[in-house]
**Student:** 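What follows is a single structure, and I will ask about it in a moment.
Bear in mind that the values here come from a model prediction, so they are computed numbers and not experimental data. Naming convention: chains lettered A, B, ... in sequence-line order (proteins, then strands); numbering from 1 in each chain.
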There are 2 protein chains.
Amino acid sequence: MIPITILVADDHPLIVKALADFLSSHGYNIVATETNGIRAFHKIINLKPRIALLDIEMPDLGGLEIAEKLFGKSDETFIIFNTVHREQSIIQRANELGVKGYLLKEYALDQILECIQSICNGKPYFGNDLTVLTELGQEENILTKLSPSEIKILRFISQEKSTKDIAERLFIAEKTVEKHRSNIIRKLGLSQTKNSLLIWSLQHKEELLGIH
Amino acid sequence: MIPITILVADDHPLIVKALADFLSSHGYNIVATETNGIRAFHKIINLKPRIALLDIEMPDLGGLEIAEKLFGKSDETFIIFNTVHREQSIIQRANELGVKGYLLKEYALDQILECIQSICNGKPYFGNDLTVLTELGQEENILTKLSPSEIKILRFISQEKSTKDIAERLFIAEKTVEKHRSNIIRKLGLSQTKNSLLIWSLQHKEELLGIH
DNA sequence: ATTAAAATAAGGGTTAACCATTATTTTTTG
DNA sequence: CAAAAAATAATGGTTAACCCTTATTTTAAT
């Protein structure tokens with residue numbers, strides 16, 4: 001039997017090495033390791049590994065963005081996320097992008113093996129304590145309540161832009177941006193204190209990058 | 001020769017395992033591994049390992065806080081930090097707390113061995129690209145420019161407290177807190193935009209926890 | 001084609017975080 | 001103890017982020 005080919009990417013070399021060693025010792029064929037998102041993306045395209053085990057936070061290009069770029073194109077590679085993020089919106093977004101497995105870094109190593117096995121048998125694997133929303137549940141993601149413009153503006157806010165900055169960049173009136181801001185605050189159920197939206201957006205940067 | 005005893009603590013089990021395996025395979029005696037700060041602290045007290053290799057970000061008790069609690073007490077255990085933080089203030093704080101080694105997670109594994117060797121020979125080891133400030137350089141830490149009250153207030157700000165909240169908790173006038181805020185902004189050289197201080201404090205939470 | 005949803009915008013108002021200046025009291029330190 | 005540093009506080013002002021309401025235009029969906 002030909003061993004299953006795997007690409008491993010994570011921004012910490014130590015984790016990359018640990019994962020690669022662990023999987024190697026269990027009979028998998030590690031065809032590449034990377035600590036940079038863009039390089040990982042190119043290697044997935046060129047090497048077409050059976051599985052890409054990706055972190056979500058990586059320099060230049062995050063795991064969600066890689067999954068997005070690959071969506072539809074490469075059905076040869078199954079993507080697994082290995083991340084610290086347990087937010088429903090990220091998990092749901094991963095699901096939408098056809099990601100086959102989702103693991104938290106806090107999990108024991110065994111779950112990585114289970115996950116790979118499961119996927120190779122055609123069954124997606126999302127960690128058991130995650131609110132999995134495959135098909136049925138639909139366990140709504142709070143970000144889906146927002147309109148496209150609202151998400152666009154929220155992303156600017158998470159990049160520390162002021163209402164004025166955003167209005168200028170989008171060629172709309174400041175008043176419009178303000179209206180969007182208060183709509184977002186209402187939809188997200190945030191408090192009416194001054195910087196609640198800024199703080200929320202900073203805490204949900206990763207999620208915002210994944211959605212467009 | 002009796003092997004050197006080591007305790008390894010990091011909030012990610014994968015990293016703990018990787019470090020423990022790696023060090024074991026190089027002849028060290030891993031007496032304990034932990035993913036929780038408080039438990040790591042107690043194990044250091046009880047097991048008195050020669051070396052404690054600690055992450056800074058851990059649940060319940062961070063590496064800096066462990067070093068603080070051990071300061072003066074346990075001269076039997078040498079502390080090494082293995083972290084993503086490269087901020088001068090954290091490095092300096094580690095130095096002040098008698099931490100003997102400081103490694104970044106992005107470093108190659110070899111440096112961990114070098115670090116342990118160096119420390120066991122009585123020579124502290126701070127990563128070569130870190131601005132080390134052992135004795136001479138003094139390469140000032142920006143946080144040392146702040147007075148104790150200013151740091152206290154900055155910590156509240158990083159916990160998303162408003163000027164009013166802070167004034168109430170410290171039993172001082174809001175105007176006093178405001179004055180401190182603008183002094184902090186001036187000392188840190190931040191911009192005069194509305195939320196510069198909040199953003200800065202959120203981005204430097206870890207450093208603020210280490211200093212009192 | 002009609003309705004619903006989203007995006008656009010303005011008027012008018014509150015609050016909190018910033019600015020500058022001045023000044024008194026308390027604490028630290030040489 | 002005297003000088004320096006820090007903490008305290010007030011007066012007065014600007015700005016940006018929030019609130020509310022109303023309204024027109026654009027886009028999407030049935």
**Student:** Just the rounded figure in Å: distance from P of C:dT15 to CG of B:Asn195.
**Tutor:**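 For the pair B:Asn195 CG and C:dT15 P, the rounded distance is 18 Å.
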**Student:** Can you name the side chain to side chain donor-acceptor pair (under 3.5 Å) partners of B:Asp11, sequence neighbours left out?
**Tutor:**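 Residues passing side chain to side chain donor-acceptor pair (under 3.5 Å) with B:Asp11: none at all.
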**Student:** Please check this pair: side chain of B:Ser196 against backbone of B:Ser191, looking for a donor-acceptor N/O pair closer than 3.5 Å.
**Tutor:**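 Yes; judged by distance alone, with no hydrogens or angles, the pair exists.
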**Student:** Let me check something: any side-chain donor-acceptor pairs from residues 48-64 of chain A under 3.5 Å, sequence neighbours excluded? List them with distances.
**Tutor:**
{"unit_1": "A:Lys48", "atom_1": "NZ", "unit_2": "A:Ile45", "atom_2": "O", "d": "3.3"}
{"unit_1": "A:Arg50", "atom_1": "NH1", "unit_2": "A:Glu76", "atom_2": "O", "d": "2.7"}
{"unit_1": "A:Asp55", "atom_1": "OD2", "unit_2": "A:Lys105", "atom_2": "NZ", "d": "3.3"}
{"unit_1": "A:Glu57", "atom_1": "OE2", "unit_2": "A:His85", "atom_2": "NE2", "d": "3.0"}
{"unit_1": "A:Asp60", "atom_1": "OD2", "unit_2": "A:Asn36", "atom_2": "ND2", "d": "2.6"}

**Student:** Touch check for B:Leu198, heavy atoms < 4.0 angstrom, all strands: base, sugar-phosphate only, or nothing?
**Tutor:**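 Since no nucleic acid heavy atom lies under 4.0 Å of B:Leu198, the category is nothing.
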**Student:** Is it the case that the side chain of A:Lys187 and the backbone of A:Lys145 share a donor-acceptor pair, with hydrogens and angles ignored and the cut-off at 3.5 Å?
**Tutor:**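 The answer is yes, because a donor-acceptor pair under 3.5 Å joins these two groups.
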**Student:** Assign the ring pair A:Tyr102 / A:Phe81 to parallel, tilted or perpendicular, where the plane angle (0 to 90°) is split at 30° and 60°.
**Tutor:**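 Perpendicular: the ring planes of A:Tyr102 and A:Phe81 meet at over 60°.
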**Student:** How close or far is atom P of C:dA5 from atom CD1 of A:Ile151, stated in whole angstroms?
**Tutor:**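 A:Ile151 atom CD1 is separated from C:dA5 atom P by 18 Å.
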**Student:** Taking CG from A:Leu154 and P from D:dA17, how many angstroms apart are they, rounded to a whole number?
**Tutor:**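 These atoms are roughly 14 Å apart.
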**Student:** Do A:Leu47 and A:Thr5 have side-chain heavy atoms sitting under 4.5 Å apart?
**Tutor:**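 They are not in side-chain contact.
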**Student:** Using rotation axes that map the C1' atoms of four end pairs onto the next four (five pairs an end), what angle separates the end axes of the helix from C:dA1-D:dT30 to C:dG30-D:dC1, to 10°?
**Tutor:**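 The helix from C:dA1-D:dT30 to C:dG30-D:dC1 shows an end-to-end axis angle of 60°.
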**Student:** Whole-Å distance between C:dA17 P and B:Ile184 CD1?
**Tutor:**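 Taking CD1 of B:Ile184 and P of C:dA17, I get 13 Å after rounding.
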**Student:** Looking at residues at least two apart in the chain, or sitting in another chain, which of them share a salt bridge (Lys or Arg N to Asp or Glu O under 4.0 Å) with B:Lys123?
**Tutor:**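 Counting only residues at least two positions away or on another chain, B:Lys123 forms no salt bridge (Lys or Arg N to Asp or Glu O under 4.0 Å).
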**Student:** Using a strict heavy-atom distance below 4.0 Å, which residues from residues 159-169 of chain A are in contact with DNA chain D?
**Tutor:**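 Contacting residues: A:Ser162, A:Thr163.
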**Student:** So, using side chain to side chain donor-acceptor pair (under 3.5 Å) as the criterion, who are the partners of A:Lys194 when residues are at least two apart?
**Tutor:**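 Result, side chain to side chain donor-acceptor pair (under 3.5 Å) vs A:Lys194: none returned.
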**Student:** A:Arg186 has an atom CZ; how far is it from atom P of D:dT21, in whole Å?
**Tutor:**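 From A:Arg186 CZ to D:dT21 P: 11 Å.
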**Student:** Considering residues at least two apart in sequence or located in another chain, which fulfil the side chain to side chain donor-acceptor pair (under 3.5 Å) criterion with B:Gln117?
**Tutor:**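 Counting only residues at least two positions away or on another chain, B:Gln117 forms a side chain to side chain donor-acceptor pair (under 3.5 Å) with B:Tyr28.
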**Student:** Rounded to the nearest angstrom, tell me the gap between atom CG in A:Leu197 and atom C1' in D:dA16.
**Tutor:**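 Computing the A:Leu197:CG to D:dA16:C1' distance gives 13 Å.
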**Student:** If you check every side-chain atom of B:Lys194, which of D:dC18, C:dC18, D:dT15 has the closest atom?
**Tutor:**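 My answer, after comparing the listed nucleotides, is D:dT15.
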**Student:** Determine which pairs satisfy ring pair (Phe, Tyr, Trp, His ring centres under 6.0 Å) with at least one residue from residues 176-202 of chain B, sequence neighbours left out, and list them in order.
**Tutor:**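 Those involving residues 176-202 of chain B are B:Trp200-B:His204.
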**Student:** Can you give one letter per nucleotide of nucleotides 5-12 of chain D, going 5' to 3': B for a protein heavy atom under 4.0 Å from the base, S for sugar-phosphate only, - for none?
**Tutor:** -SSBBBBB
**Student:** Above 12 or not: heavy atoms from other molecules or residues under 6.0 Å from NZ of A:Lys164?
**Tutor:**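 Open: at most 12 neighbouring heavy atoms sit under 6.0 Å from NZ of A:Lys164.
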**Student:** Who passes side chain to side chain donor-acceptor pair (under 3.5 Å) against B:Ser118, sequence neighbours left out?
**Tutor:**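 Expected list: none.
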**Student:** For nucleotides 24-30 of chain C, read 5' to 3', which letter fits each nucleotide if B means a protein heavy atom sits under 4.0 Å from the base, S means only the sugar-phosphate is that close, and - means neither?
**Tutor:** -------
**Student:** In terms of side-chain geometry, is the basic nitrogen of B:Glu178 or B:Arg181 positioned less than 4.0 Å from the acidic oxygen of its partner?
**Tutor:**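 Looking at B:Glu178 and B:Arg181, the cut-off is not met.
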**Student:** Could you tell me which residues satisfy ring-ring contact (aromatic ring centres under 6.0 Å, His included) with B:His12, sequence neighbours excluded, listed by chain and number?
**Tutor:**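 Testing B:His12 for ring-ring contact (aromatic ring centres under 6.0 Å, His included), a comparison that skips the adjacent residues, returns none.
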**Student:** Figure out the CD/P separation between B:Gln192 and C:dA17, and round it to whole Å.
**Tutor:**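 That distance rounds to 17 Å.
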